[in-house]
Amino acid sequence: MAEIKQILDERLAEAGDTLPLSGHVDQEGYSLGEREFSLPEGMDYDLVLTNVGEGILATGMVRAHVVGTCDRCLGTAEFDVAGEVDEYFLFKAPDSPEGGAAAGEEDEVDYALIGADHSIDLTDALESALLMDTPFVVLCREDCKGLCPVCGENLNEVDCGHAA
């Protein structure tokens, strides 16, 4: 994915300050495991950046029209995604905990650091939201009949007579 950086300026200088942010990314596609998906129209995002004191919270939505392969018939499958973005960018790394229960909890905290150039990289946050909204089972249509296990014909298009 192309890098999507936002420079932080005086509009987010104080705790409680917010900055709406919208944009379009001409992303050609993405992978999920061994599966490939294309984004013929790229993707759009609408975010709000909020200074929460110790960092910047980026919340909002990423939307895209996705083209992939149907899991049942191997034909073209198209669907829309609308993933929720929720990423925390800290001004500085938190102090490391001194053992105890807090040490195990840190693995679950999801944050990134604000760059030395006072910017945040939204690339991973947008990509994660897109991946999380991609369905586990991709179908060309809800009632897809799949392929004939005997001859391999697409049962959506042909009644080969093998299916009883």
Side-chain angles (χ1 to χ4, degrees), residues 1-97 102-142 144 146:
M1 177 178 282
E3 189 174 69
I4 305 156
K5 276 194 163 188
Q6 174 65 39
I7 301 293
L8 304 176
D9 57 26
E10 68 279 349
R11 296 174 290 180
L12 290 169
E14 301 292 325
D17 288 351
T18 62
L19 176 67
L21 186 64
S22 297
H24 175 82
V25 180
D26 288 324
Q27 180 70 21
E28 291 183 15
Y30 64 100
S31 300
L32 182 58
E34 294 181 9
R35 300 165 71 186
E36 297 290 325
F37 298 97
S38 65
L39 301 170
E41 301 162 15
M43 64 180 186
D44 297 303
Y45 59 91
D46 292 300
L47 306 174
V48 174
L49 304 181
T50 304
N51 183 329
V52 292
E54 294 179 354
I56 301 295
L57 179 63
T59 58
M61 299 293 290
V62 60
R63 293 176 179 80
H65 181 73
V66 182
V67 178
T69 302
C70 177
D71 288 336
R72 288 187 188 156
C73 72
L74 305 179
T76 300
E78 297 188 33
F79 55 94
D80 293 318
V81 295
E84 188 174 324
V85 177
D86 187 16
E87 185 78 19
Y88 194 40
F89 299 89
L90 293 176
F91 290 116
K92 64 178 184 170
D95 295 331
S96 58
E105 292 172 9
E106 185 170 333
D107 291 342
E108 297 178 23
V109 176
D110 189 21
Y111 66 87
L113 291 175
I114 294 172
D117 61 352
H118 211 61
S119 71
I120 57 176
D121 186 350
L122 296 165
T123 310
D124 289 342
L126 295 177
E127 189 171 66
S128 293
L130 190 66
L131 292 172
M132 291 301 292
D133 203 60
T134 299
F136 183 71
V137 176
V138 176
L139 299 175
C140 60
R141 60 184 202 213
E142 210 173 297
C144 177

ask   = From T50 OG1 over to Y88 OH, what is the distance, rounded to the nearest 0.5 angstrom?
value = 11.0 Å

query = After noting the C-alpha distance and the side-chain angles of L139 and F79, does the key distance pass the side-chain contact (heavy atoms from CB on, under 4.5 Å) rule?
reply = CA-CA 9 Å; L139 299 175; F79 55 94; over 6 Å; no

message = Testing the basics here: between E36 and S31, what is the closest heavy-atom pair and its distance to 0.1 Å?
response = OE2-OG, 2.7 Å

query = Which value, rounded to the nearest 0.5 Å, describes the distance between I56 atom CD1 and S119 atom OG?
reply = 11.5 Å

key: Interatomic distance, E84 atom CD to M132 atom CE [nearest 0.5 angstrom]   = 10.5 Å

ask   = Hey, are the side chains of L21 and Y45 touching, using non-hydrogen atoms and a 4.5 Å cut-off?
value = yes

message = Please enumerate all residues that pass side chain to side chain contact (heavy atoms under 4.5 Å, CB included) together with V67, with sequence neighbours excluded.
response = S38, P40, H65, T76, E78

request  = Hey, could you give me the CG/CD1 distance between L12 and I120, rounded to the nearest 0.5 Å?
outcome  = 8.0 Å

task = With sequence neighbours left out, write down each residue that passes side chain to side chain contact (heavy atoms under 4.5 Å, CB included) with S128, or none if nothing qualifies.
result = none

ask   = Taking only residues two or more places apart in sequence, or in another chain, which ones meet D9 in a salt bridge (charged side-chain N to carboxylate O under 4.0 Å, His left out)?
value = R11

ask   = Can you name the closest pair of heavy atoms from D121 and I4 and give their distance?
value = OD1-O, 3.3 Å

ask   = Which atom pair, heavy atoms only, marks the closest approach of R35 to P135?
value = NH1-O, 4.2 Å

task = If a pair satisfies salt bridge (charged side-chain N to carboxylate O under 4.0 Å, His left out) and one of its residues is in residues 17-33, list it, with sequence neighbours excluded.
result = none

query = Are side-chain heavy atoms of Q6 and L122 found at a separation under 4.5 Å?
reply = yes

remark   = On a heavy-atom basis, the closest approach of C70 and A77 is N-CB, 3.9 Å

query = Taking side chain as C-beta onward, heavy atoms only, is N51 less than 4.5 Å from F91?
reply = yes

key: Pairwise salt bridge (charged side-chain N to carboxylate O under 4.0 Å, His left out) hits with a residue in residues 41-59, at least two apart   = D46-R63

message = For the CG atom of L49 and the OG1 atom of T18, what is their distance to the nearest 0.5 Å?
response = 9.0 Å

key: Shortest non-hydrogen contact from V137 toward D71   = CA-OD2, 3.4 Å

inquiry  = Quick check: do L39 and V25 have side-chain heavy atoms less than 4.5 Å from each other?
reply    = no

By salt bridge (charged side-chain N to carboxylate O under 4.0 Å, His left out) - contacts of D80 (at least two apart) = none

ask   = If we only count heavy atoms from C-beta on, is the F37 to V138 side-chain gap below 4.5 Å?
value = yes

ask   = So, for V62 and L130, which heavy atoms are closest and what is the spacing to 0.1 Å?
value = CG1-N, 4.0 Å

key: D117 side chain near K5 side chain, heavy-atom distance below 4.5 Å   = yes

ask   = Is any side-chain heavy atom of F89 less than 4.5 Å from a side-chain heavy atom of L8?
value = no

message = Working to the nearest 0.5 angstrom, can you tell me the gap between L126 CG and Y30 OH?
response = 13.0 Å

